[in-house]
Novice: 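Structure provided below as structure tokens; questions to follow.
Chain identifiers are assigned alphabetically (A, B, ...) following the order of the sequence lines, protein sequences preceding nucleic acid strands; residue numbering begins at 1 within each chain.
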Amino acid sequence: SLVNMGFSEDEANRAIIRCGADADICVLVDSVSASRVAEDCHSRNLSDHQVTDRCFNSFGGRKKARLMEESRKKRKRYGGGGQGNRPSLDGSDEESMPLPNPMVGFNLPGYSGSSVTRMLSKLDTGPPFFYYENVARAPKGEWAKISRNLFDIQPEFVDSLHLCAAARKRGYIHNLPIENRSPLLPLPPKTIFEAFPHYKKWWPSWDTRTHLNCLQTCVASAKLTDRIQRALVSSSNPPPKSVQKDVMDECKKWNLIWVGKNKVAPLEPHEMELLLGFPRDHTRGVGKTQRYKSLGNSFQVDTVAYHLSVLRRMFPNGVRVLSLFTGIGGGEVALHKLGIHMRVVISVEIGEASKKIFRSWWDQTQTGTLIEIDDVKSLTNDRVASFISQFGGFDLVIGGSPCNNLAGSNRHHRDGLEGKHSALFYDYVRILNFVKSTMAGRRM
DNA sequence: AGTAGAATGAAGAGTGAG
DNA sequence: CTCACTCTTCATTCTACT
């Protein structure tokens, strides 16, 4: 089982020796986790100054002054409560919801211990637990609006670049505990070269990227990469600064990698799967365009799994999940890789390709009950109520609502939360509130 | 009906000099 | 503090072509 969950045979054996052959799978996973974290800290202290700096030394000089200033503002905005969960009540302040720098959320593996504590009101702690996700850089004021609709809980902004080799700036609002989180193991490759060592030989010294930019839904055309290749072949080595700049601009814009002499190319779908924490070929079976699209719209599994890891101790017998906007199942893959059994998943997803991908993964890996629903609009409160009585409630309501009208890449209809697609957020709110009130009424 | 290619910037945040 | 500048961004729409 441990090997199937992605641990090495060696690690599994050591854990079994430590804990005994009849130990619970959760105990074994914890054991491997602990030893990996210990190892990771050890090696980092010796070699990785960059991370160490960010960890411990980033509060000096001007940065400190700025952070102090930030926290002053925050205290003012949040009424001096110190926990940062409740906005001020006067409503006179503008809707500022500053993004943290570095964007590491409440805490991340390898970034010292839990740096933040928070207190949630009893009304907010559930059941059920809920987990909401969307792009961090939404238009101004939109995250304040999202937060207002989700019990004024402060978003946790994380750039997955701190956990894997590609950037992914996202905001998460959830009512999960934030202490005693544990990362998915093995830890994902943290740099481009760790993820793709075989490309190192083609990587020019003047391309200093260590991380990729955000994986999006479209990729560069072969004609573009051809043009770049021709430009490089017909210039000196190394090329003049102007050519370098043009090439680098395209590489960053389109997330290109060096796959041959003077040859760049977009990531293959299976390489995106790797970066996002999915099993290889997870999205295989649909057209390439669909694979790119659904991967670009997906969770970064390791990031989500880190947040969800606290559920493992709380639900040793598995969880009942209401999964809205399931997509290719990033949340479910995270739970599975954490070793958390899914007794029930009600999955709402409208995309045919995504549904096919998710169903195929489920059939291969899961034994629980899966119920699929096409449209979130057709999941009426009555239907939710009948699911609640059928399964006795939900333990987790999870989903990232459509980002189309929030995302910076959208030139045409970046209309904010009220946009055609992104307005489905309010169905997430509707359903979550209904589940909460129904379960509270039945004292589940 | 589906795919590939190309064109379509603004918005915010961060940075560093002055 | 201002100001100029750099950087990044879960995308949409139209066209040409199988």
Side-chain angles (χ1 to χ4, degrees), chain A residues 58 61-63 65-67 69-70 94-103 132-144 157-161 164 166-172 208-209 211-228 245 248-256 265-267 269 272-273 275-278 283 286-301 303-304 325-331 349 351-354 399-416 419-422 424-425:
Chain A
S58 68
R62 295 181 53 184
K63 214 152 199 173
R66 227 184 4 248
L67 283 173
E69 182 56 32
E70 269 308 316
E94 76 290 352
E95 307 279 4
S96 83
M97 181 83 57
L99 300 175
N101 185 17
M103 200 184 279
Y132 174 80
E133 178 260 9
N134 215 321
V135 290
R137 295 189 171 175
K140 251 186 173 163
E142 297 304 69
W143 268 107
F157 292 107
V158 183
D159 189 342
S160 297
L161 138 76
C164 71
R168 213 166 183 77
K169 296 173 184 59
R170 297 294 182 268
Y172 306 88
T208 57
R209 289 176 297 167
H211 290 82
L212 292 163
N213 280 336
C214 183
L215 274 46
Q216 303 195 143
T217 57
C218 298
V219 295
S221 65
K223 300 223 164 154
L224 173 68
T225 57
D226 268 352
R227 282 200 294 276
I228 291 173
K245 184 180 181 337
M248 284 314 301
D249 283 351
E250 296 293 349
C251 284
K252 287 174 182 171
K253 176 158 61 165
W254 291 104
N255 253 342
L256 302 174
L267 292 163
M272 290 194 181
E273 290 163 354
L275 291 168
L276 291 172
F278 288 92
T283 60
V286 301
K288 204 172 176 181
T289 308
Q290 288 298 326
R291 293 181 72 180
Y292 282 128
K293 187 172 178 186
S294 53
L295 284 164
N297 281 318
S298 163
F299 286 168
Q300 205 287 326
V301 170
T303 308
V304 172
F325 317 109
T326 303
I328 59 176
E349 172 58 44
E352 286 303 323
S354 291
S401 67
C403 69
N404 310 33
N405 309 114
L406 305 176
S409 303
N410 191 339
R411 266 93 149 162
H412 298 88
H413 304 100
R414 198 182 182 186
D415 315 321
K420 187 165 77 173
H421 301 100
S422 295
L424 292 179
F425 163 70

Novice: What nucleotide, of C:dT9, B:dG14, B:dT3, holds the atom closest to the side chain of A:Ala167?
Specialist: C:dT9
Novice: Looking only at the side chain of A:Arg414 (C-beta and beyond, no hydrogens), which of the listed nucleotides C:dC10, B:dA11, C:dT12 gets closest?
Specialist: B:dA11
Novice: Mind listing the residues from residues 213-226 of chain A sitting with a heavy atom below 4.0 Å of DNA chain B? Number order is fine.
Specialist: A:Ser221, A:Ala222, A:Lys223
Novice: Considering only the C1' atoms, how many Å lie between C:dT8 and B:dG9, rounded to the nearest integer?
Specialist: 13 Å
Novice: Without decimals, in angstroms, what is the distance between A:Leu256 CG and C:dT8 P?
Specialist: 13 Å
Novice: What nucleotide, of C:dT12, B:dA4, B:dG14, holds the atom closest to the side chain of A:Thr289?
Specialist: B:dA4
Novice: Compare side-chain N and O positions of A:Lys253 against OP1 and OP2 of C:dT9 and report whether any pair is under 4.0 Å apart.
Specialist: no
Novice: So what does A:Pro139 hit on the nucleic acid, given a heavy-atom distance under 4.0 Å: a base, only sugar-phosphate, or nothing?
Specialist: sugar-phosphate
Novice: Considering every strand and a 4.0 Å limit on heavy-atom distances, what is the contact class for A:Ser401: base, sugar-phosphate, or nothing?
Specialist: base
Novice: Do A:Ser160 and A:Arg168 have side-chain N/O donor and acceptor atoms under 3.5 Å apart?
Specialist: no
Novice: DNA chain B: stems of at least 3 consecutive Watson-Crick or G-U pairs, cut-off 3.5 Å?
Specialist: B:1-8 with C:11-18, B:10-18 with C:1-9
Novice: Would you kindly give the CH2-to-P distance between A:Trp143 and C:dC10, to the nearest whole Å?
Specialist: 12 Å
Novice: Does A:Arg209 make a side-chain N or O approach to OP1 or OP2 of C:dC7 shorter than 4.0 Å?
Specialist: no
Novice: Without decimals, in angstroms, what is the distance between A:Lys293 NZ and C:dA11 P?
Specialist: 10 Å
Novice: Nearest to the side chain of A:His413 - C:dT8, C:dT12, C:dA11?
Specialist: C:dT12
Novice: A:Asn101 has a side chain; which of B:dG12, B:dT15, C:dT13 sits nearest to it?
Specialist: B:dT15
Novice: According to a strict under-4.0 Å criterion, is A:Lys140 in side-chain N/O contact with OP1 or OP2 of B:dA13?
Specialist: yes
Novice: Rounding to a whole Å, what distance do you find between A:Asn297:CG and C:dT9:P?
Specialist: 15 Å
Novice: For B:dT8 and C:dT9, measure between their P atoms and round to the nearest Å.
Specialist: 22 Å
